[in-house]
Amino acid sequence: RDRRTWGNTQSKGNEVFFFFKQKTAYEMLRSLVGSEMCIRDRFQTYPKLKKAALFYIGSQSTEEEVQTFTEAFDRLDSNEDGMLTIDELKTGFNDIQNKTDEEVRAVINSIDIDQSGYINYTEFLAAVMDKDIYTNPKHLKNAFEMFDRQHDGKITIAELKLVLGAEGAYKDADENFWKKIISEADYNQNGYIDYDEFVKMMSDVSLTNQK
């Protein structure tokens, strides 16, 4: 039961390892990402473009690549509505049961790319996906080409607006907002992001989004 989405695209299908059937969601996720704070701290510091690219890669990954994460999501999604809420996260993660709703909300907000108020399946994948998956050359090339609408080897502000600003959370963003996204990966400061810069941004786990 795969709920991955990108735009209006949806795919279906789900495979589960027998090993993970005998584990709780909490145990699985601690083995995959350490803890809920690990998810938050790692993902929250990523540049917005990297988050969007991870979201896209998650939506395009194979069932085999994400099957363990799918099982973890299903364990947390107790009512099977495709959304992770505050209550479901508190139930799934033993070490945050005593945290306030506001603290758990901060975890959700750090992963909630479309600012819907909950974590959907693709957002979950984007946050917990293994680096070996999202730095796969095929995934990197496809993600770059998704942003590079002119197919000229660079991502510009105009292209970011087309991909990210057509609707949703960023549709009313001003020009400075888009310049900031470009600057986060524009290492040679020429006003756009080329493929090498994109790969560097995606591969650098220490790269932070300086506010």
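This chain uses plain numbering: 1 for the first residue, then up along the sequence. The structure displayed is predicted, hence computed values, not measured ones.
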Using modelled atom types only, decide if a donor and an acceptor are shared between the side chain of D112 and the backbone of I119 within a distance under 3.5 Å. no
Shortest non-hydrogen pair, K50 vs M201, comes out as NZ-O, 3.4 Å
Does one side chain, of T156 or E159, offer a donor that lies under 3.5 Å from an acceptor on the other? yes
Taking all heavy atoms of F198 and all of A53, pick out the closest pair and write down the distance. CZ-CB, 3.9 Å
Counting C-beta onward and ignoring hydrogens, is there a side-chain heavy-atom pair between F73 and L125 closer than 4.5 Å? no
Is the NZ or CZ atom of K200 positioned over Y187's six-membered ring, under 6.0 angstrom from the centre and within 45° of the axis? yes
Working to the nearest 0.5 angstrom, can you tell me the gap between L164 CG and K51 NZ? 12.5 Å
Path from L84 to Y118 over hydrophobic side-chain contacts below 4.5 Å: no
Grab the two heavy atoms, one from E88 and one from M83, that are nearest each other, plus how far apart they are. OE1-O, 2.7 Å
Can you confirm whether K154 sits close enough to I193 that some side-chain heavy atom of one is under 4.5 Å from a side-chain heavy atom of the other? no
Is the shortest heavy-atom distance from the side chain of N120 to the side chain of F55 under 4.5 Å? yes
Would you indicate whether the side-chain heavy atoms of L54 and I113 approach each other to under 4.5 Å? no
Nearest 0.5 Å, what's the OG1-CG distance between T135 and L140? 6.0 Å
In short, R105 meets G117 closest at the heavy-atom pair NH1-O, 2.6 Å
Does the ring of F177 carry K180 above it, NZ/CZ under 6.0 angstrom from centre and within 45° of its axis? no
Nearest 0.5 Å, what's the CG-CG distance between L49 and L160? 6.0 Å
D186 and G191: which non-hydrogen atoms are nearest, and at how many Å? OD2-N, 2.8 Å
Which distance, rounded to the nearest 0.5 Å, do you find between the CD of E123 and the OG of S59? 12.0 Å
Looking only at heavy atoms, the pair that brings A185 and E197 closest together is O-CB, 3.3 Å
Side chains of N142 and E145: does their closest heavy-atom pair fall under 4.5 Å? yes
Measuring from atom CZ of F144 to atom CG of D196, what distance do you get when rounded to the nearest 0.5 angstrom? 9.0 Å
With a 4.5 Å heavy-atom cut-off, do T62 and Q67 have their side chains touching? no
Whether the N190 and Y192 side chains hold a donor-acceptor pair (N or O, under 3.5 Å, no angle test) is what I'd like checked. yes
Can you tell whether the side chains of E175 and K161 come within less than 4.0 Å, N to carboxylate O? yes
pair K131-M202: side-chain heavy atoms closer than 4.5 Å: no
Where the side chain of D130 meets the backbone of I133, is there a donor-acceptor pair that is under 3.5 Å apart? no
Are the side chain of Q60 and the backbone of H139 linked by a donor-acceptor contact shorter than 3.5 Å? no
Heavy-atom side-chain proximity of D77 to F124 below 4.5 angstrom: no
Would you kindly say whether D81 and N79 are connected by a side-chain donor-acceptor distance under 3.5 Å? yes
